[in-house]
Amino acid sequence: AIGVLFNDQLSYAFTDPHDITFLRGISTECEKEGANIVLIPLKNNDPQRLDTLTAIVDGYILNAPYKSNPAIRKALTRGLPTVVVDFDAPEHPSVLTNDREMMRAVVSHLLSLGHRHIAIVTFPRAEGDGEIFLLDTEFPDENYVADQRILGCRDAFDAAGISQAGVLVCETVNSEDGGGRAAERLLRRRPDLTALVCFSDRLAFGAIAQCEALGLAVPGRMSVTGFDGIDPPGGQPSALRLTTVRQNAFEKGRRAAEI
């Protein structure tokens with residue numbers, strides 16, 4: 001069996017569109033080989049249960065976890081076949097998206113449109129975080145995806161000669177509600193914002209809803225960008241086409257299982 005370790009609670013794997021597609025890619029490859037999948041959520045209140053789950057697997061796929069999580073550190077030292085996805089572990093095979101370059105392109109696009117009052121909405125850089133901080137703030141590279149996307153944003157602002165110290169970043173849970181709360185917090189702090197760079201489409205959809213609830217038309221008054229290329233909540237097409245980075249979550253999962 002392949003153990004798939006991921007940062008959130010078990011229900012997240014069945015509600016997040018990106019992770020659903022990612023797991024479908026893994027399961028497609030596992031079906032070919034007659035292998036099973038064991039989902040191992042790292043937000044687990046029962047450490048003994050977590051140990052039981054990890055003990056029954058023959059190998060791991062680590063899906064964008066936090067580096068210092070004890071379960072991740074233990075998995076990496078067990079000596080089992082391990083593939084890392086969106087995670088920095090040079091000693092193991094990996095499946096990575098060029099997050100830094102893609103985020104640089106997104107921010108550069110907004111800057112080319114004339115935006116100068118831009119803020120960023122990210123999922124937490126480390127477990128339990130939920131701060132508002134400035135883009136030039138130094139922090140440990142605890143989460144590969146958040147780290148790479150932050151670096152891409154910095155690259156774009158540096159190339160445009162815009163100070164990172166003037167750009168706010170808000171951490172929040174990766175959900176529509178989280179994106180809405182982050183947008184509200186940022187706009188309360190900086191009412192002159194004209195663009196929000198969101199590190200996932202779920203965050204972006206929530207931010208758009210909050211902007212519209214505040215009477216800020218999107219894209220007329222506010223521009224919002226995402227990352228992933230998922231469908232809007234409810235699966236219904238939206239009249240508003242989100243500017244986003246489309247990544248192939250299915251292929252990431254399939255390739256990780258194949259390796």
Side-chain angles (χ1 to χ4, degrees), residues 1-89 92-97 99 123-129 142-146 172-178 199-203 227-231 233 235 247-259:
I2 296 176
V4 182
L5 288 88
F6 57 99
N7 285 325
D8 296 272
Q9 295 174 326
L10 182 61
S11 59
Y12 186 87
F14 298 95
T15 56
D16 182 78
H18 173 274
D19 276 23
I20 291 171
T21 306
F22 175 75
L23 289 172
R24 193 167 73 246
I26 294 175
S27 63
T28 298
E29 197 64 29
C30 285
E31 285 176 351
K32 295 179 183 177
E33 303 297 329
N36 292 316
I37 298 174
V38 178
L39 297 181
I40 307 176
L42 298 180
K43 281 190 178 177
N44 190 320
N45 295 325
D46 184 353
Q48 186 173 356
R49 174 66 175 161
L50 194 60
D51 287 342
T52 301
L53 289 173
T54 57
I56 64 175
V57 304
D58 306 301
Y60 294 109
I61 293 175
L62 309 187
N63 181 25
Y66 293 109
K67 288 184 178 180
S68 63
N69 184 283
I72 293 300
R73 296 171 72 173
K74 184 180 292 187
L76 290 173
T77 59
R78 283 194 67 195
L80 295 178
T82 299
V83 177
V84 299
V85 180
D86 294 334
F87 183 76
D88 185 20
H92 295 285
S94 62
V95 179
L96 301 175
T97 301
D99 292 275
F123 26 80
R125 301 163 296 166
E127 291 185 275
D129 284 359
E142 179 67 11
N143 181 273
Y144 178 84
V145 177
T172 188
V173 295
N174 186 34
S175 68
E176 290 79 10
D177 287 344
F199 282 9
S200 78
D201 288 349
R202 294 188 70 184
L203 292 173
F227 199 110
D228 284 333
I230 65 172
D231 292 328
Q247 60 172 325
N248 192 333
F250 178 89
E251 184 59 20
K252 284 168 67 176
R254 191 202 66 77
R255 181 64 177 144
E258 180 184 54
I259 293 173

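Positions are given from 1 along the sequence.
- Results of the side chain to side chain donor-acceptor pair (under 3.5 Å) test with Gln247 over Asp99, Thr97, Asp86 single out Thr97 as the only residue that passes.
- Between atom CZ of residue Phe87 and atom CD1 of residue Ile61 there is a gap of 14.0 Å, rounded to the nearest 0.5 Å.
- Counting only distance, with no hydrogens or angles, the side chain of Asp201 and the backbone of Ile230 share a donor-acceptor pair below 3.5 Å.
- For the pair Arg125 and Glu142, the minimum side-chain heavy-atom distance is 4.5 Å or more.
- Considering only heavy atoms from C-beta on, Thr172 stays 4.5 Å or farther from Phe123 through its side chain.
- For Asn174 and Tyr12, the side-chain atoms include at least one donor-acceptor pair closer than 3.5 Å.
- From Thr77, atom OG1 reaches atom NZ of Lys74 across 8.0 Å, with rounding to the nearest 0.5 Å.
- Side-chain atoms of Ser11 do not come within 3.5 Å of backbone N or O of Gln9 as any donor-acceptor pair.
- With rounding to the nearest 0.5 Å, the separation of CD1 in Ile26 from NZ in Lys252 is 10.5 Å.
- By the 6.0 Å contact criterion, CZ on Arg73 is open, its count of non-hydrogen atoms from other residues, nucleotides or ligands being 12 or less.
- Salt bridge annotation for Arg254-Glu29: present, with a cationic side-chain nitrogen under 4.0 angstrom from a carboxylate oxygen.
- Listed for the Glu127 side chain is no donor-acceptor partner under 3.5 Å among the backbone atoms of Tyr66.
- Between Leu5 and Leu42 there is a side-chain heavy-atom pair separated by less than 4.5 Å.
- For residues 2-21, the set of pairs meeting the salt bridge (Lys or Arg N to Asp or Glu O under 4.0 Å) definition, not counting sequence neighbours, comprises Asp16-Arg202.
- The closest side-chain heavy-atom distance from Ile72 to Leu62 is below 4.5 Å.
- Taking the side chain as every heavy atom from C-beta outward, Val95 and Ile259 approach each other to under 4.5 Å.
- Every residue two or more places apart in sequence or in another chain that forms a salt bridge (charged side-chain N to carboxylate O under 4.0 Å, His left out) with Arg255 is listed here: Glu258.
- With 3.5 Å as the limit, one finds a donor-acceptor pair spanning the side chains of Arg78 and Tyr60.
- You'll find the side chain of Ser94 stays beyond 4.5 Å of the side chain of Val83, heavy atoms only.
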Please evaluate residues Tyr144 and Val84 with respect to the criterion side-chain contact (heavy atoms from CB on, under 4.5 Å), reporting the C-alpha separation (whole Å), side-chain torsions for both, the decisive distance (0.1 Å), and the verdict.
CA-CA 11 Å; Tyr144 178 84; Val84 299; over 6 Å; no

Pair Leu39, Leu10 - check side-chain contact (heavy atoms from CB on, under 4.5 Å), show working.
CA-CA 8 Å; Leu39 297 181; Leu10 182 61; 4.0 Å; yes

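- Asn36 places none of its side-chain heavy atoms less than 4.5 Å from the side chain of Val57.
- Judged by distance alone, the side chains of Ser200 and Asp228 never bring a donor and an acceptor atom under 3.5 Å apart.
- Atoms CD and CD1, on Glu33 and Ile2 in that order, are 9.0 Å from each other to the nearest 0.5 Å.
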